[in-house]
Chemist: 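If you scroll down you'll find the structure; I have some questions about it.
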Amino acid sequence: MLAELGLIALWLAAALALAQLVCATLAVRDPASGVGGAVRPVAVAQGLLAALAMAALTAAFVRVDLSLALVVANDHPDKPLLYRFAGAWGNHEGSMLLWVTILGVAGGAVAILERALAPRTTLATLGAQAFLALGFHAFLLFSSNPFTRIDPAPATGNGLNPLLQDPGLAFHPPTLYAGYVGLSVAFSFAVGALVTRDVGPSFARAMRPWVLGAWVFLTLGITAGSYWAYYELGWGGWWFWDPVENASLMPWLAATALLHSVTVLATRDGLRAWTILLAVVAFSMSMLGTFLVRSGILTSVHAFAVDPARGAFILALLALYIGGALVLFGMRVGTVRRGTLFDPLSREGGLVVNNLLLSVILGIVLIGTLYPIVASAMGVQLSVGPPFFDRAAGPVALVLLLVMAVGPLIRWRRDTARAVARRVRWPAAALAGAGGVLLILHPAMGVLPLLGLIVATGVIAASLAPLWGRHLRRTPLTIWGMVVAHLGIGVSLAGMASDSAFTRETLVAAPLGGTAMVGPWRVRFVGVTPTAGPNWTAVEARLAASRDGDIDYILRPQARLFNAPMTATSESAIRTVWNGQLYAVLGAQDDRGRWQLRLWWKPFVTLIWLGGALVAFGGMLSLAGRWQRRRAR
């Protein structure tokens, strides 16, 4: 019965998306038609029905309803409850239903909350959102139906990919999808403003909270996904430039540029056309990521679908939505007024440079991600890996961070070089001092890690500069948000550079009682014991790690064997201390009774994720500040 309820809710939501689109179109063309009043309640009802469909699928997974083909393929009674719950979106069909649910709920939220825009522009925005929802409903119902029955029902299910059986599955996809869908709202705002020729500060002020919210969710999703891969895959790295990792990074880069651009438009009435174009580009990157993950053209632990027909469907949606928006932009860009001018040496000018550099990095990541795919289609097999991205995007990113550090210290509209130099003298001194100390203490350090640590010091110092001379208790939350977010970027960069510069790795074949050194740590192999979980068995090592004669810390890495499906995995053990992490992975036993151990000492690596959390928290503060300011009006 759950499957029928979910499928009926999905069909009704699709019908309401069509009704919402038709009513919004008629109301925009003829405000006197009287159908405009139905658009908001229909949008809310559509979101509720999509949520009901998602709830039905989740309940089927929790109950392990083996009459559903999707449950049979991805569920098992022995799985812990958390993974039966989160497993509802740990597959292609379920993840797309989650996407559609967030899309519908976001449209309903716009219908309820948005009152600042002109009524006609709001209707055009809701119409665009309905058009997006309609396409994804069609994709689900005709290409990826999550409620397909199987008869007769098998005795048990196949289970979930063991690499996905982690608490990260409950957090990472929903936050990432919320970010993607938030960009769909920004896209709909841009299309609505183009349709009604209402591109101006009021439109930007209405769109900015949605962009900021999407950016916060993307930041959280990418940060959580990075740490999940770091400890789950057992390879000791936090980012591999995997094409599916890049598929989440590209929307974040575009959203970051859009966030700065929409701020200029909202506060200074500048960058009108650029803001519209960035809204289209940001959503196109999220659509491209959806295509890459679900088209079957990539082989990755992140990828779901292997059916090229589904990829063709999403590619058609991508061409329809993004191509249509670009055509509309080309037709209406001439009606977008220029807006207020500003001097090159101004905060607006700094934000323009910031956006251009972000666009260059986005282009590098896009080319590096798509080039092997295009080459493969032409019969040429090649790979583009971390060395390319590090060397091509790394220097541009360092310049971008320097511009980001100086930008908040420049005045709006116009400034003078002498005044800017006076304001940046202390961050510049911190940057120079860091460079001198590092060259003395670590003269053999690589160029990029050295520059990363130097720039990180300057960014951290500059991020605090907007607080100089302010009464901290009276400082607006929006200023605090900018400070904390920029501080987080500097902290994260320091962690990345430290990991690259100072990580030490040891690979040993250890007998029982044997010892190994990695960095300052002495690790003793105490022994191995068998252990078992709800749906796996394992061999667990016991490692005693000590540093400088201190007490032993016990690490317990495991070599697991899951029974549904039958898969071997390595579960890392991590000991976190104030200045880094000791990371251990247990390998196989050789014919001499020794066990393979892979050990890393990674100084200050935790700063990477602490910085990501600070960036997201800064966005939340800024969002709270704007909500507070709106309530005060």
Side-chain angles (χ1 to χ4, degrees), residues 17 19-44 46-47 103-104 106-134 181-214 258-259 261-280 282-283 321-322 324-340 626 630 633:
Q20 180 181 334
L21 174 61
V22 171
C23 290
T25 302
L26 293 175
V28 169
R29 288 185 175 181
D30 181 13
S33 62
V35 298
V39 174
R40 289 181 187 266
V42 168
V44 174
Q46 184 210 148
L103 188 68
V110 172
I112 294 171
L113 300 175
E114 187 48 59
R115 304 293 173 180
L117 272 180
R120 189 162 172 263
T121 305
T122 303
L123 290 173
T125 298
L126 291 172
Q129 191 75 2
F131 188 40
L132 293 177
L134 187 61
V181 172
L183 294 180
S184 80
V185 175
F187 173 84
S188 296
F189 270 103
V191 170
L194 283 174
V195 167
T196 60
R197 297 179 174 86
D198 185 23
V199 179
S202 60
F203 144 77
R205 284 191 290 270
M207 184 172 76
R208 181 168 54 186
W210 297 96
V211 177
L212 185 54
L258 174 60
L259 181 60
S261 181
V262 77
T263 297
V264 173
L265 178 53
T267 58
R268 303 294 167 177
D269 193 18
L271 305 181
R272 293 188 174 199
W274 184 240
T275 300
I276 295 292
L277 184 59
L278 280 175
V280 175
F283 182 61
Y321 294 147
I322 306 307
L326 290 175
V327 169
L328 178 62
F329 177 80
M331 293 172 58
R332 293 293 174 88
V333 69
T335 67
V336 177
R337 292 187 293 109
R338 184 169 58 180
T340 305
R626 301 197 186 287
R630 179 176 290 189
R633 289 175 182 171

Chemist: Which pairs count as ring pair (Phe, Tyr, Trp, His ring centres under 6.0 Å) when at least one residue sits in residues 109-132, sequence neighbours excluded?
Modeler: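 Non-adjacent pairs meeting ring pair (Phe, Tyr, Trp, His ring centres under 6.0 Å): Phe131-Tyr321.
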
Chemist: Can you find a pair of side-chain heavy atoms, one from Leu117 and one from Phe189, that are under 4.5 Å apart?
Modeler: yes

Chemist: Once rounded to the nearest 0.5 Å, what's the spacing between atom CZ of Arg268 and atom OG1 of Thr263?
Modeler: 11.5 Å

Chemist: What closest approach, in Å, do Phe329 and Ala273 show between heavy atoms, and which atom pair accounts for it?
Modeler: CE1-O, 3.6 Å

Chemist: Heavy-atom count around Arg29 CZ within 6.0 Å, excluding the residue itself: above 12?
Modeler: no

Chemist: What are the two closest heavy atoms between Gln20 and Leu126, and how far apart are they?
Modeler: NE2-O, 2.8 Å

Chemist: Considering the options Val211, Leu258, Leu259, Val262, which one meets the side-chain contact (heavy atoms from CB on, under 4.5 Å) requirement together with Leu278?
Modeler: Leu258

Chemist: Checking Ile112 now: which residues fulfil side-chain contact (heavy atoms from CB on, under 4.5 Å) with it, not counting sequence neighbours?
Modeler: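 Ile112 satisfies side-chain contact (heavy atoms from CB on, under 4.5 Å) with Val44 only.
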
Chemist: Which residues pass the side-chain contact (heavy atoms from CB on, under 4.5 Å) test with Ala116, sequence neighbours left out?
Modeler: Glu114

Chemist: Can you name the residues that form a side-chain contact (heavy atoms from CB on, under 4.5 Å) with Leu123, not counting sequence neighbours?
Modeler: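 Result, side-chain contact (heavy atoms from CB on, under 4.5 Å) vs Leu123: Ala27, Val28, Val39.
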
Chemist: As an exercise, state the distance from CZ of Phe203 to OG1 of Thr121, rounded to the nearest 0.5 Å.
Modeler: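 Taking CZ in Phe203 and OG1 in Thr121, the distance rounds to 9.5 Å.
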
Chemist: So, using side chain to side chain donor-acceptor pair (under 3.5 Å) as the criterion, who are the partners of Asp269 when residues are at least two apart?
Modeler: Arg272

Chemist: Taking atom CE of Met331 and atom CG of Leu326, what is their separation to the nearest 0.5 Å?
Modeler: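 Between Met331 CE and Leu326 CG, I get 13.0 Å after rounding to 0.5 Å.
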
Chemist: Report the residues that fulfil side-chain contact (heavy atoms from CB on, under 4.5 Å) with Leu134, sequence neighbours left out, ordered by chain and then residue number.
Modeler: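 For Leu134 the side-chain contact (heavy atoms from CB on, under 4.5 Å) partners, ignoring immediate neighbours, are Ala17, Leu18, Leu21.
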
Chemist: Under 3.5 Å, is there a donor-acceptor pair linking the side chains of Ser188 and Thr125?
Modeler: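 Per modelled atom types, Ser188 and Thr125 side chains form no pair under 3.5 Å.
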
